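In what follows, a single structure is set out as structure tokens and then discussed.
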Amino acid sequence: GAAETAAKAAQSVRDQADVLSQAARSAVESASALRDSDLKARRDQFLTAARFVLESLNSLAVDFNRALDPEIPQKTWRSYHRGDTGVFTRRLLGLRDSVPNEKIRQKYESDSEFRSHTQRYFQQFEELVEQAAKNDHGDLLGSTLMTSEVGRLYMLLAGAVGRDRLVRPEIQPAPGD
């Protein structure tokens with residue numbers, strides 16, 4: 001009778017609740033997979049774009065070398081032509097003692113081409129760090145950029161020309177920067 005009908009109705013409601021619960025779990029898993037996929041796609045897109053910006057920053061370092069110390073050793077050029085695109089960035093960082101900040105500042109103030117290259121370097125690096133922050137909430141990419149050779153050159157140039165550096169509290173400049 002009535003008890004049997006009520007028991008069947010209750011079982012039907014439990015079965016429907018189980019189906020709804022499973023559907024909700026499935027929707028949450030799908031949404032999570034979509035978020036992960038979107039994050040991966042955005043990060044991959046950022047890394048592809050970053051590769052081009054890093055090449056540009058290293059290319060600007062060639063111009064900085066020519067302007068600040070035109071006596072570039074042949075071994076530096078050979079390394080560069082063999083594909084070591086960061087060799088000029090490292091060379092500038094190594095010249096810190098022989099090319100004092102004052103020389104960089106004077107060159108920046110008196111040479112419009114050097115100033116233009118320096119401003120482009122600042123702009124490209126700052127945009128890269130900003131994009132890294134948008135694409136990496138753990139900030140591993142941003143931290144890596146700030147402590148990389150191009151980041152250290154950014155800090156060196158910014159300090160030399162008196163520009164406010166892109167300072168983030170969790171990142172301290174390396175000694176001598």
Side-chain angles (χ1 to χ4, degrees), residues 38-177:
D38 179 57
L39 179 63
K40 183 183 181 325
R42 283 188 291 128
R43 187 173 290 156
D44 289 348
Q45 182 180 10
F46 164 77
L47 291 173
T48 299
R51 190 172 313 119
F52 292 111
V53 174
L54 290 170
E55 287 175 14
S56 176
L57 293 172
N58 282 317
S59 177
L60 286 167
V62 175
D63 297 323
F64 295 147
N65 271 270
R66 285 182 176 141
L68 293 170
D69 185 24
E71 299 298 318
I72 299 170
Q74 282 303 311
K75 69 177 187 155
T76 303
W77 282 111
R78 279 194 300 275
S79 292
Y80 181 76
H81 290 299
R82 281 195 307 263
D84 183 358
T85 57
V87 68
F88 285 99
T89 301
R90 286 191 304 280
R91 181 172 184 271
L92 276 177
L93 291 170
L95 290 175
R96 248 189 296 232
D97 296 330
S98 62
V99 180
N101 280 357
E102 188 55 35
K103 180 176 180 179
I104 296 171
R105 183 179 0 269
Q106 288 171 354
K107 190 75 169 168
Y108 182 82
E109 291 171 356
S110 66
D111 183 332
S112 63
E113 185 178 5
F114 181 80
R115 186 171 44 257
S116 174
H117 290 318
T118 305
Q119 289 169 343
R120 189 164 9 134
Y121 193 95
F122 291 152
Q123 179 187 1
Q124 289 179 358
F125 184 78
E126 289 166 1
E127 287 175 2
L128 185 61
V129 171
E130 184 180 311
Q131 288 301 311
K134 288 179 182 175
N135 286 291
D136 181 28
H137 299 294
D139 205 31
L140 178 62
L141 294 173
S143 297
T144 300
L145 285 170
M146 291 301 292
T147 58
S148 70
E149 291 166 347
V150 292
R152 291 180 12 238
L153 181 55
Y154 169 88
M155 297 295 282
L156 173 72
L157 291 170
V161 302
R163 179 187 176 98
D164 285 339
R165 300 179 200 183
L166 186 68
V167 175
R168 297 159 38 187
E170 72 278 9
I171 300 170
Q172 298 300 316
D177 281 357

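Note that this is a predicted model, so its numbers are computed, not measured. These values consider heavy atoms only, across backbone and side chains, with no hydrogens, waters or symmetry-generated copies.
Judged purely by atom type and a 3.5 angstrom limit, N135 uses its side chain to pair as donor or acceptor with the backbone of Q131. Side chain of K107 to backbone of L68: no donor-acceptor contact under 3.5 angstrom is found. Not a single donor-acceptor pair under 3.5 Å links the side chain of S116 to the backbone N or O of S112.
Separation of the F88 and Y80 ring centroids falls under the 6.0 Å cut-off.
Nearest heavy atoms, K103 versus V99: CD-CG1, 4.0 Å. Counting all heavy atoms, side chain and backbone alike, A132 lies closest to G142 at CB-N, 3.9 Å. Listed here is the closest heavy atom pair of V150 and T89: N-CG2, 4.0 Å. Closest approach of L153 to A61, counting heavy atoms only: CD2-CB, 4.1 Å. Here the closest heavy-atom approach between residue E149 and residue G86 is recorded as OE1-O, 4.2 Å. Residues F114 and A67 share a closest heavy-atom pair of CD1-CB, 3.6 Å.
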Practice prompt. Please step through salt bridge (Lys or Arg N to Asp or Glu O under 4.0 Å) for the pair R51 and E55, ending with a clear verdict.
Written response: CA-CA 6 Å; R51 190 172 313 119; E55 287 175 14; 5.9 Å; no

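Atom OH of Y121 is separated from atom CG of N58 by 7.0 Å, given to the nearest 0.5 angstrom. Distance check: F125 CZ to L54 CG gives 8.5 Å after rounding to the nearest 0.5 Å. One finds the NZ atom of K40 at 9.5 Å from the CG atom of L47 (value rounded to the nearest 0.5 Å). Of the inter-residue distances, the one linking L157 atom CG with R152 atom CZ reads 12.5 Å to the nearest 0.5 angstrom. The structure places CG of N101 at 11.0 Å from CD of Q106, a figure rounded to the nearest 0.5 Å. Atom CZ of R120 and atom CG of D63 lie 7.5 Å apart (nearest 0.5 Å).
Residues Q124 and S56 have side chains that bring a donor and an acceptor to within less than 3.5 angstrom of each other. Using modelled atom types, one finds a donor on one side chain and an acceptor on the other under 3.5 Å when comparing E127 with Q123.
Side-chain contact check for F46 versus K134: every heavy-atom pair is 4.5 Å or farther apart. Residues S143 and M146 fail the side-chain proximity criterion, which asks for heavy atoms closer than 4.5 Å.
Checking each of R163, Q119, R115 against Y108 for a side-chain hydrogen bond (donor to acceptor under 3.5 Å, both in side chains) leaves exactly one that passes, namely Q119. When T76, N65, V62 are each tested for a side chain to side chain contact (heavy atoms under 4.5 Å, CB included) with V87, only one passes: T76.
Salt bridge absent: E109 and R105 never bring a charged side-chain N and a carboxylate O closer than 4.0 Å.
Counting heavy atoms of neighbouring residues, nucleotides and ligands inside a 6.0 Å radius, atom CD of E102 exceeds 12 of them.
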